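By convention here, the first residue in the shown sequence is residue 1. Owing to the predicted nature of the structure, the values given are computational and were not obtained by experimental measurement.
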Amino acid sequence: QVQLVESGGGLVQAGGSLRLSCAASGRPFSSYVMGWFRQAPGKEREFITAVNWSGRLTYYADSVKGRFTISRDNVKNTVYLQMNSLKVEDTANYLCAARKSRVVHTDPFGYDYWGQGTQVTVSS
């Protein structure tokens, strides 16, 4: 079992930055693929980015490529999401997820554990 707790969300103006954190507890963190998703009201859960167990392979949705950066610290059992050049359309609840595999997956159904999420609101 893995418990995930996100933090770092908030209200920011368009063009600003936020850094989200996801702290994991439970089974060895380094054995999981970690991903970030987001969900806005009335919309489906959307893949944003994922990182493999070592942190060397990362994947991004086109909508955030070049603006967002995922990283992980396997000593601190934490994954981060650095978000720059934020847009109003980035407003959503951001969720951290863990996948019991070393193969990265972009479908939310491929993830086994989820946090509660942290709200990000970008104002114009």
Side-chain angles (χ1 to χ4, degrees):
Q1 192 74 10
V2 173
Q3 293 78 43
L4 304 172
V5 178
E6 302 93 336
S7 62
L11 174 65
V12 64
Q13 286 192 327
S17 299
L18 281 175
R19 188 193 195 204
L20 306 184
S21 299
C22 173
S25 60
R27 292 178 62 87
F29 177 72
S30 61
S31 64
Y32 289 89
V33 165
M34 299 300 298
W36 284 97
F37 293 77
R38 66 187 180 189
Q39 190 163 19
K43 295 188 177 181
E44 292 186 353
R45 191 162 292 185
E46 175 190 10
F47 169 79
I48 299 174
T49 181
V51 60
N52 78 328
W53 67 274
S54 70
R56 293 173 184 169
L57 295 179
T58 57
Y59 301 82
Y60 295 93
D62 288 342
S63 58
V64 304
K65 200 172 292 183
R67 300 188 297 123
F68 291 11
T69 303
I70 190 172
S71 60
R72 67 188 296 165
D73 185 330
N74 287 343
V75 174
K76 295 182 177 180
N77 287 2
T78 302
V79 62
Y80 304 97
L81 180 64
Q82 178 66 43
M83 304 187 296
N84 298 329
S85 302
L86 282 161
K87 304 176 181 180
V88 172
E89 51 263 43
D90 293 320
T91 295
N93 188 39
Y94 283 69
L95 303 109
C96 173
R99 170 172 163 82
K100 292 188 294 185
S101 170
R102 291 197 168 191
V103 177
V104 175
H105 207 296
T106 61
D107 190 320
F109 291 103
Y111 287 76
D112 303 285
Y113 304 103
W114 292 85
Q116 293 297 310
T118 184
Q119 179 67 31
V120 171
T121 303
V122 184
S123 63
S124 58

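Atom CZ of Arg72 sits about 7.0 Å away from atom CG of Asn52, to the nearest 0.5 Å. Once rounded to the nearest 0.5 Å, the distance linking CE of Met34 with OG1 of Thr78 reads 9.0 Å. With rounding to the nearest 0.5 angstrom, the CG atom of Asp90 is 11.0 Å from the OG1 atom of Thr121. With rounding to the nearest 0.5 Å, the separation of SG in Cys96 from CD in Gln116 is 11.5 Å.
Shortest non-hydrogen contact noted between Ser85 and Ser17 is N-OG, 4.4 Å. Considering every non-hydrogen atom in both Ile70 and Tyr60, the closest pair reads N-OH, 2.9 Å. Ala40 and Ala92 get closest at one heavy-atom pair: N-CB, 4.0 Å. Across all their heavy atoms, Lys43 and Gln39 have their closest contact at O-NE2, 3.1 Å. Closest approach of Ser124 to Ala14, counting heavy atoms only: CA-CB, 4.5 Å.
Arg38 places a side-chain heavy atom less than 4.5 Å from the side chain of Val64. Residues Lys76 and Phe29 have side chains not in contact (no heavy-atom distance under 4.5 Å, counting atoms from C-beta outward). Residues Ser63 and Glu89 form no side-chain contact, since every pair of their non-hydrogen atoms from C-beta on lies 4.5 Å or further apart. Within the 4.5 Å cutoff, the side chain of Val79 has heavy atoms near those of the Cys22 side chain. Met83 is not listed as a side-chain neighbour of Val12, based on a closest heavy-atom distance of 4.5 Å or more. Put simply, the side chain of Val51 does not reach to within 4.5 Å of the side chain of Trp36, judged on heavy atoms. Side-chain contact between Lys100 and Tyr32: present, with at least one pair of heavy atoms (C-beta onward) separated by less than 4.5 Å.
The side-chain contact (heavy atoms from CB on, under 4.5 Å) test with Leu81 is passed by exactly one of Leu18, Val120, Leu20: Leu20.
Distance alone, capped at 3.5 Å, is enough to place a donor-acceptor pair between the Thr91 side chain and the Val122 backbone. Counting only distance, with no hydrogens or angles, the side chain of Arg99 and the backbone of Thr106 share no donor-acceptor pair below 3.5 Å. Formation of a donor-acceptor pair under 3.5 Å by the Glu6 side chain with backbone atoms of Gly117 is found in this model. Asn93 places a side-chain N or O within 3.5 Å of a backbone atom of Thr118 that can act as its donor or acceptor partner.
Applying the under-4.5 Å side-chain rule to Ile, Leu, Val, Met, Phe, Trp and Tyr, the cluster around Tyr59 extends to Val33, Phe37, Phe47, Leu57, Leu95, Val104, Tyr111, Trp114.
A salt bridge links Lys65 to Asp62: one of the charged nitrogens lies within less than 4.0 Å of a carboxylate oxygen.
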